[in-house]
Amino acid sequence: SADLLKLHADCVTLKTLKIAGADGNLEAVAELTCRLSEQKEQLVEICRLLRHVSGTEPLEITCIHAQDTFQVIGPQIISAAQTLAIHPSSKIAKENLDVFCEAWESQLNDMSILIREIGDVFEGRRGEKRTYLSLPRPGKHSVNLKTVKPVQLDSEEQAKVAKLGLELRLLTSDA
């Protein structure tokens with residue numbers, strides 16, 4: 001599982017997906033989203049396997065959380081990349097994709113920590129508790145948040161955002 005995780009840790013697919021989306025290259029985005037879906041399924045399977053060998057209840061719960069996170073973030077990245085490819089000049093669409101990609105990368109980092117902790121349990125070591133980047137930390141809830149400045153959107157941009165909101169609502173209501 002560690003070797004497979006290292007394969008995904010370089011995030012080449014995510015980086016290439018961001019570029020293809022920003023270029024408005026729908027064909028490349030379609031190919032890359034298929035690759036990302038495959039990676040998501042592999043990572044979900046790794047989480048399932050780790051859950052069964054985790055050795056402790058807290059590690060088992062962390063495996064379940066990781067599995068759920070990949071299940072949720074994968075489709076969100078795909079949707080955000082497709083939206084950016086359709087609207088490559090949209091700053092909001094780019095930022096949306098960036099946020100989901102950062103969450104994916106953070107979860108990959110957490111998975112490598114989780115694998116080390118499970119290894120420690122098997123070797124009889126209980127090393128120092130590592131911090132999971134995707135989980136909230138006590139006292140740190142609003143420290144890293146950017147201050148959001150209100151932005152005036154012109155009527156065309158407002159119409160685009162409204163249309164995307166409706167499309168997202170339709171997509172999520174089908175699920």
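What you are looking at is a predicted structure, and each value in this text was computed from that prediction instead of being measured.
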task = For residues 75-94, pull every pair meeting salt bridge (Lys or Arg N to Asp or Glu O under 4.0 Å), keeping only residues two or more places apart or in separate chains.
result = Lys94-Asp98
ask   = Taking the hydrophobic residues Ile, Leu, Val, Met, Phe, Trp and Tyr, and joining any pair whose side-chain heavy atoms are under 4.5 Å apart, which ones share a cluster with Ile61?
value = none
ask   = To the nearest 0.5 Å, what is the distance between CG (Leu50) and CD1 (Ile118)?
value = 4.5 Å
message = Applying side-chain contact (heavy atoms from CB on, under 4.5 Å) to Asn96 and Thr83, what does each step give before you reach the verdict?
response = CA-CA 9 Å; Asn96 194 35; Thr83 301; over 6 Å; no
request  = Would you mind listing every salt bridge (Lys or Arg N to Asp or Glu O under 4.0 Å) that reaches into residues 42-59, with sequence neighbours excluded?
outcome  = Glu45-Arg48
remark   = Rounding to 0.5 Å, atoms CG (Leu59) and CG (Asp120) come to a distance of 9.5 Å
note = Smallest heavy-atom separation, Pro88 atom then Ala22 atom, equals CB-O, 3.3 Å
request  = Output all residues satisfying side chain to side chain donor-acceptor pair (under 3.5 Å) with Glu41, sequence neighbours left out; order by chain, then residue number.
outcome  = none
Donor-acceptor pairs under 3.5 angstrom involving side-chain atoms of residues 27-35: please list them, not counting sequence neighbours.
unit_1	atom_1	unit_2	atom_2	d
Glu31	OE2	Arg35	NH2	3.4
Thr33	OG1	Val29	O	3.0
Thr33	OG1	Ala30	O	2.9

message = Does Thr69 form a side-chain contact (heavy atoms from CB on, under 4.5 Å) with Trp104? I'd like the steps, not just the answer.
response = CA-CA 8 Å; Thr69 302; Trp104 182 276; over 6 Å; no
query = If you measure from CD on Glu105 to CD1 on Ile73, what distance do you get to the nearest 0.5 Å?
reply = 10.5 Å
request  = List, by chain and then residue number, the residues other than Leu26 in its hydrophobic cluster (Ile/Leu/Val/Met/Phe/Trp/Tyr, side-chain heavy atoms under 4.5 Å); write none if there are no others.
outcome  = Ile86
Test log, rule side-chain contact (heavy atoms from CB on, under 4.5 Å), inputs Met111 and Phe70 = CA-CA 11 Å; Met111 285 293 296; Phe70 284 121; 3.6 Å; yes
request  = Output the distance between atom CD (Glu117) and atom SG (Cys63), rounded to the nearest 0.5 Å.
outcome  = 9.5 Å
key: Euclidean distance, Ser112 OG relative to Gln107 CD, rounded to 0.5 Å   = 10.0 Å
ask   = Can you tell if the side chain of Ile78 reaches within under 4.5 Å of the side chain of Ser37, non-hydrogen atoms only?
value = yes
inquiry  = Please identify which of these residues, Leu97, Ile77, Leu84, meets the side-chain contact (heavy atoms from CB on, under 4.5 Å) condition with Lys18.
reply    = Leu97
query = Residues in side chain to side chain donor-acceptor pair (under 3.5 Å) with Glu60, at least two apart?
reply = none
ask   = What's the spacing between Ile46 CD1 and Ile115 CD1 if we round to 0.5 Å?
value = 6.5 Å
key: In one Ile/Leu/Val/Met/Phe/Trp/Tyr side-chain cluster, 4.5 Å: Ile64, Leu43   = no
message = Under 4.5 Å between side-chain heavy atoms, counting indirect links through other Ile/Leu/Val/Met/Phe/Trp/Tyr residues: same cluster for Ile19 and Leu14 or not?
response = no
